[in-house]
Structures are given as C-alpha cells and as structure tokens.
There are 2 protein chains.
Amino acid sequence: MLDGVETAQIYIERWAAAAGATGPCPVRDVLDKIGDKWSMLLVMTLAGGPKRFNELHRAVPDISQKMLTQTLRDLQRDGLVSRHVFDTKPPSVEYRLTRLGHSLIVPFGHLIEWANGSIRRIEAARKDFDAAR
Amino acid sequence: MLDGVETAQIYIERWAAAAGATGPCPVRDVLDKIGDKWSMLLVMTLAGGPKRFNELHRAVPDISQKMLTQTLRDLQRDGLVSRHVFDTKPPSVEYRLTRLGHSLIVPFGHLIEWANGSIRRIEAARKDFDAAR
DNA sequence: CAGCATCCCCAATGATACTG
DNA sequence: CAGTATCATTGGGGATGCTG
C-alpha cells in the first residue's frame, strides 16, 4: 500500500516525464480546465441534469454570453458535455454531461470537500502571515 | 448514501451560496490555486521532501525565478508550505509542506488519476470534434 | 544562494452590439 | 432562443538586471 508521499512521487514523476516528452502534459491539460473560471462551475451545474442555453445562463448569471458559449463549446470538444439541438421555433438547445463528464464529478468532489474543509485554516494562515508584515 | 449527482448538487448549492454571500467563494479560492501554472507542481515536488530554493528551481526548470519566489510566498501565506532560514553563509532556505499542504495531496491525487485515465478519451473526442468541422 | 525590482507582452475575459 | 462578431481591458507570467 502506498502512502501519500510515495503516491505523490509517482504522480510527479509521470507529470515530469510527460512534460519532458514531446507534446503537452495530460495533467497540465486537465488542470487548465479545472482552473479556468467557468468550466467546472458549468460541469457542476449540469451535474443536476440537462439544461438549455439560457437556463444555464440563469443558473450562472455572472458568466457573459460569450464565455458561456465558448466554455460550452470547449467542454463539448473535450467530450465532457454533449449538445442536442431540437428543431423547434424558436430553437432549443440542450446541454448534458456525457459519461466522461459525469465521471469527473467524483474526483472533483474530493477537491471541493478539501476546499470547504480547509478554507478556515487557510484564511487563518493568511491572517497570521499578513499580520507578521 | 449519496450518489454522484446528489453529491454534486450539494456542492453546487454551497458553491452558489458562497458566491452569493459576501466575500469570495472558498471553492473559487482554492480552484484558483489548483489552476495556476505552478502551485500544484511545486506542492507535488515538495511532496517528496523538503527542498531549498535552487533545488526547487532545478526540479522545475521551466519556472522563472520570479514566479518561483512568488508562488512559494503565496503557498506559505496560505499555510501550505513552511519556510525555514538557516543562518549559514551563503544563506540557505528550506521549503517544506505543512500538514495542511500534505493533506492536499490526497484529493489532488484523485484528480491526477482521473486526468491520466481520461486523457485518451479526451483527445479522441477533440479529434472527432475537429474532424466534424 | 536566495531573492527583489522593472519593464513588457499577450491570452483570457468582459462589454456591447448584432442575427438566424 | 441561442448564439456570432468586434473592441477594450487586465493581470498573469516571462526576461533581464541588480543585491545582501
């Protein structure tokens, strides 16, 4: 059984190896999505079930129309979200998580839990750090 | 027992609630660190044990000195990394993960595993998507 | 060795207006 | 309703040179 450190070592070696190899690192690749401003928020919103374009916009009011369109297209391109056009008038387009997109919820959930469980300690550390200056 | 979707719903509700509340969202806060270019790479590098400044720089050659300094300071400020100055000549400074920093490795590891396990499907999806244009 | 200070650039995001 | 197109902004990050 691997402990945290050994596991981390394996990860970092793969990470470094991928970075050194030709082509971009898969971890970097995925992390870029995790880190961007809207991708994960949309994924988590869609985790509740399929939604249409403006329905998503209402659920996430802060996002601009441009970024909503763009982020959805990127998620679709990566196979995390599927897009279904209904030939009604006016048009109706539904977005939903693919199986792959759905599978991301679990590992991402661990991160959310860590964030919610650690934020108090982080903020306390920041306060201490800033007070020391 | 909660399934993925219900769990996601709870997360997203907390997320949205935090966004609506005064002050920034803890998830957003943590995600910004996860997503930035160097934080997690340094955390994973330090997971192997304490390292000095230039030792870290050699381990992660791509990072600029400026960003190494800045990222380490931010990690220290958040209480993820501790900094130990040895009064030698020339000076020697050692960085190591705190207990909090170490605790991040586990949930982050799940994400790395997902990334490594999903990258083939993602790239295949991208290829399909681009071919359809 | 372990930084700090400056200048600079570009890619990500936003604001606004228009459309099938 | 579900987008597209264009312009403006900004701050993350790199390059370089200097220092205790």
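Below, read A as the first sequence line, B as the second, and so on, with proteins coming before strands; counting in each chain starts at 1.
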Asker: For a quick check of understanding: with a heavy-atom distance under 4.0 Å over all strands, which category does S92(A) fall into, base, sugar-phosphate or nothing?
Answerer: sugar-phosphate

Asker: So which heavy atom on T98(A) is nearest to which on S82(A), and how close?
Answerer: CG2-N, 3.8 Å

Asker: Which of residues 71-91 of chain A have a heavy atom under 4.0 Å from DNA chain D?
Answerer: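 Result for residues 71-91 of chain A: R83(A), P90(A), P91(A), sorted by number.
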
Asker: Does any non-hydrogen side-chain atom of L31(B) lie less than 4.5 Å from one of F108(A)?
Answerer: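 Yes - at least one pair of side-chain heavy atoms lies under 4.5 Å apart.
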
Asker: Look at R77(B) together with D130(A) and state whether they make a salt bridge at an N to O cut-off of under 4.0 Å.
Answerer: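 Yes, R77(B) and D130(A) are salt-bridged.
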
Asker: Report for the helix from dC1(C)-dG20(D) to dG20(C)-dC1(D): angle between first-end and last-end helix axes, five pairs each, rounded to 10 degrees.
Answerer: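 That helix has its two terminal axes inclined by roughly 50°.
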
Asker: Do V85(B) and F53(B) belong to the same hydrophobic cluster, where Ile, Leu, Val, Met, Phe, Trp and Tyr are linked whenever their side-chain heavy atoms lie under 4.5 Å apart, directly or via other members?
Answerer: yes

Asker: Side-chain contact test, heavy atoms from C-beta onward, threshold under 4.5 Å: evaluate it for S103(B) versus W114(A) and give yes or no.
Answerer: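 When only atoms from C-beta onward are counted, W114(A) and S103(B) do touch, with a gap below 4.5 Å.
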
Asker: I want to check one thing: is the phosphate of dG3(D), taken as OP1 and OP2, less than 4.0 Å away from some side-chain N or O of Y95(A)?
Answerer: yes

Asker: Let's go through I63(B) and K37(B) carefully: what are the C-alpha distance in whole Å and the side-chain angles of both, what is the deciding distance for side chain to side chain contact (heavy atoms under 4.5 Å, CB included) to 0.1 Å, and is it a yes or a no?
Answerer: CA-CA 9 Å; I63(B) 196 174; K37(B) 204 169 178 182; over 6 Å; no

Asker: Once side chain to side chain donor-acceptor pair (under 3.5 Å) is applied, do any residues pair with D87(A), and if so which ones, sequence neighbours excluded?
Answerer: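 Applying side chain to side chain donor-acceptor pair (under 3.5 Å) to D87(A) gives none.
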
Asker: Using the side chain to side chain donor-acceptor pair (under 3.5 Å) criterion, which residues pair with D128(B)? Sequence neighbours excluded.
Answerer: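 In terms of side chain to side chain donor-acceptor pair (under 3.5 Å), with neighbours along the sequence ignored, D128(B) is linked to no residue.
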
Asker: Tell me the closest heavy-atom pair linking L97(B) and V43(B), and the distance in Å.
Answerer: CD1-O, 3.8 Å

Asker: Tell me, which of residues 50-57 of chain B have any heavy atom that sits under 4.0 Å from an atom in DNA chain D?
Answerer: none

Asker: Under the side chain to side chain donor-acceptor pair (under 3.5 Å) test, which residues partner R121(A), sequence neighbours left out?
Answerer: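 Partners of R121(A) under the side chain to side chain donor-acceptor pair (under 3.5 Å) test: none.
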
Asker: Could you write out each protein N or O paired with an N or O of nucleotides 13-15 of chain C at a distance under 3.5 Å?
Answerer:
from    : atom 1 : to     : atom 2 : distance (Å)
dT13(C) : OP1    : K37(A) : N      : 3.4
dT13(C) : O4     : K66(A) : NZ     : 3.4
dG14(C) : OP1    : K37(A) : NZ     : 3.0
dG14(C) : OP2    : W38(A) : NE1    : 3.1
dG14(C) : O6     : K66(A) : NZ     : 2.5

Asker: Run the side-chain donor-acceptor check on residues 64-73 of chain A: report pairs under 3.5 Å with partners two or more places apart or on a different chain.
Answerer:
from   : atom 1 : to     : atom 2 : distance (Å)
S64(A) : OG     : M67(A) : N      : 3.2
T69(A) : OG1    : Q65(A) : O      : 3.0
T71(A) : OG1    : M67(A) : O      : 2.7

Asker: Output all residues satisfying salt bridge (Lys or Arg N to Asp or Glu O under 4.0 Å) with D78(B), sequence neighbours left out; order by chain, then residue number.
Answerer: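 Checked D78(B) against salt bridge (Lys or Arg N to Asp or Glu O under 4.0 Å); matches are R126(A), K33(B).
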
Asker: I'd like to check the side chain to side chain donor-acceptor pair (under 3.5 Å) partners of S39(A); sequence neighbours left out, ordered by chain and number.
Answerer: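 Testing S39(A) for side chain to side chain donor-acceptor pair (under 3.5 Å), a comparison that skips the adjacent residues, returns D36(A).
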
Asker: Write down the protein N/O and nucleotide N/O pairs, taken from nucleotides 17-19 of chain D, whose separation is under 3.5 Å; answer none if there are no such pairs.
Answerer:
none

Asker: Does anything in residues 49-61 of chain A form a side-chain hydrogen bond (donor to acceptor under 3.5 Å, both in side chains)? List the pairs, not counting sequence neighbours.
Answerer: none

Asker: Of all heavy-atom pairs between P26(A) and A115(B), which one has the smallest distance, and what is that distance?
Answerer: O-CB, 4.3 Å

